[in-house]
Amino acid sequence: MPELPEAETIARGLREPLTGASVDRVAVIHADVLDLEAEDFAGRLRGSRFEAIGRRGKNLVLRLADSRRLVVNLGMSGRLLMRGPGAGGPPPTHPAVYFHLQGGLGSLVYHDVRRFGRLSLHSAKEYAAWSATLGPEPLGPEFTAVALERGLRSSATPLRSWLLDQRRVAGVGNIYANEAAFLARIDPRARTNSLDADAARRLHRAIRRVLSEAIDARGTTLRDYRTAQGWEGEYGAKLQVYGRAGEPCPRCAEPIVREVLSNRSVFFCPRCQPAP
DNA sequence: CGGTAGACTTGGGCGG
DNA sequence: TAGCCCCAAGTCTACC
């Protein structure tokens, strides 16, 4: 998604307009974002009330009144947009699913240019099982420096890859993995079992800081991400290394380097983030 | 099991 | 300009 700060921003923006609203009708435009047949999906949601709006890692979790959960993974380009009752303004360009609400409350639109996103409907039990496959919430109490140090020691994968593994910690993606490694002054290519306790403490602080500050800025819009109200996030202007290859490091002015690691870009300052 | 490369999909930009 | 171009917030699979 849209990573954790973007998902959190969307959840906050959906809470007020969606909590307590009920689904009148579901219109499926692109069934390939569903884990069920379109008819089945629409039928199971008709009449359901949204009771609580939350997030797990990068996923939006919309709890229904009967304790089922609609889990939305936004992939690379998914949006969850509230449309007012009048639905003024231009219509969405790439709608995949419309949730029309009862009582003239407008609609919730799942919008996705690339359709890498997925919408799944879980029973309470299925949701618990799915959630258990994800690592701890990085802004929650379970994610301690000691737990992080233990996790890092148990693997020989490069730090950037470790951070992208949702079973390790839930919600960090490529933007914030690169930013956190920079703030912690660790080479993102370093094997995690080569990092010492002090590096783990720095990384713990850096992850929490970058995610918190990105939430405060309502996330990072590179191109596709929007809040539930359709606004862009403001954190892009605060990125230190991500997408800044060739620009001077904000700490030491050495040019930022871009490399490819596991088929994805990795950005770092070769002077501030020395190989251990 | 752990780690990596490619596939999936569409659109924007001409580089990193 | 246009291209068996390049790149992109993610995740799943195959394969070593």
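Heavy atoms only: backbone and side chains are in, while hydrogens, waters and symmetry mates are out. Order of the sequence lines sets the chain letters (A, B, ...), proteins ahead of strands, with each chain counted from 1.
Enclosure of atom CD in A:Glu126 by more than 12 non-hydrogen atoms of other residues, nucleotides or ligands within 6.0 angstrom is indicated. Other residues, nucleotides and ligands contribute at most 12 non-hydrogen atoms within 6.0 Å of the CZ atom of A:Arg185.
B:dG15 sits 16 Å from C:dA8 when the P atoms are compared, rounded to a whole Å. The separation of C:dC7 from B:dA5, taken at their P atoms, amounts to 15 Å, rounded to a whole angstrom. Taking atom C1' in both C:dA9 and C:dC5, one finds a spacing of 22 Å when rounded to whole Å.
Under the Watson-Crick and G-U wobble criteria, each requiring two contacts below 3.5 Å, nucleotide B:dT4 is paired to C:dA14. Applying the Watson-Crick and G-U wobble criteria (two distances, each under 3.5 Å), C:dA9 pairs with nothing in any strand. Base pairing of B:dT9 is not made with any nucleotide, judged by Watson-Crick or G-U wobble geometry with both donor-acceptor distances under 3.5 Å.
Comparing C:dA9, B:dG11, B:dT4 by their closest approach to the side chain of A:Pro158 singles out B:dT4. Side chain of A:Pro2, nearest nucleotide from B:dT10, B:dG3, C:dA9: C:dA9. Among the nucleotides C:dA9, B:dT9, B:dT4, the one closest to any side-chain atom of A:Arg115 is B:dT9. The side chain of A:Ser265 lies closest to C:dA8, out of C:dA8, C:dT11, B:dT10.
Taking only distance into account, the side chain of A:Arg223 never meets the base of C:dA9 through a donor-acceptor pair shorter than 3.5 Å. Put simply, the side chain of A:Asp224 and the base of C:dA9 share a donor and an acceptor less than 3.5 Å apart.
Nucleic acid contact class of A:Asn174 (heavy atoms, under 4.0 Å, all strands): sugar-phosphate only. Among the atoms of the strands shown, base atoms are found under 4.0 Å from some heavy atom of A:Arg264. At the heavy-atom level, A:Thr220 lies under 4.0 Å from base atoms of the strands shown. Contact annotation for A:Tyr242: backbone-only contact, meaning every heavy-atom pair under 4.0 Å involves sugar-phosphate atoms and none involves a base.
Between A:Tyr176 and A:Tyr235, the two ring planes are tilted [angle within 30° to 60°]. Between A:Trp130 and A:Tyr127, the ring planes are tilted. Angles from 30° to 60° get that label.
With centres under 5.5 Å and a plane angle under 30°, the ring of A:Phe116 is stacked against the base of C:dG10.
The two atoms that bring A:Pro270 and A:Pro255 nearest to each other are CD-O, 3.6 Å, heavy atoms only.
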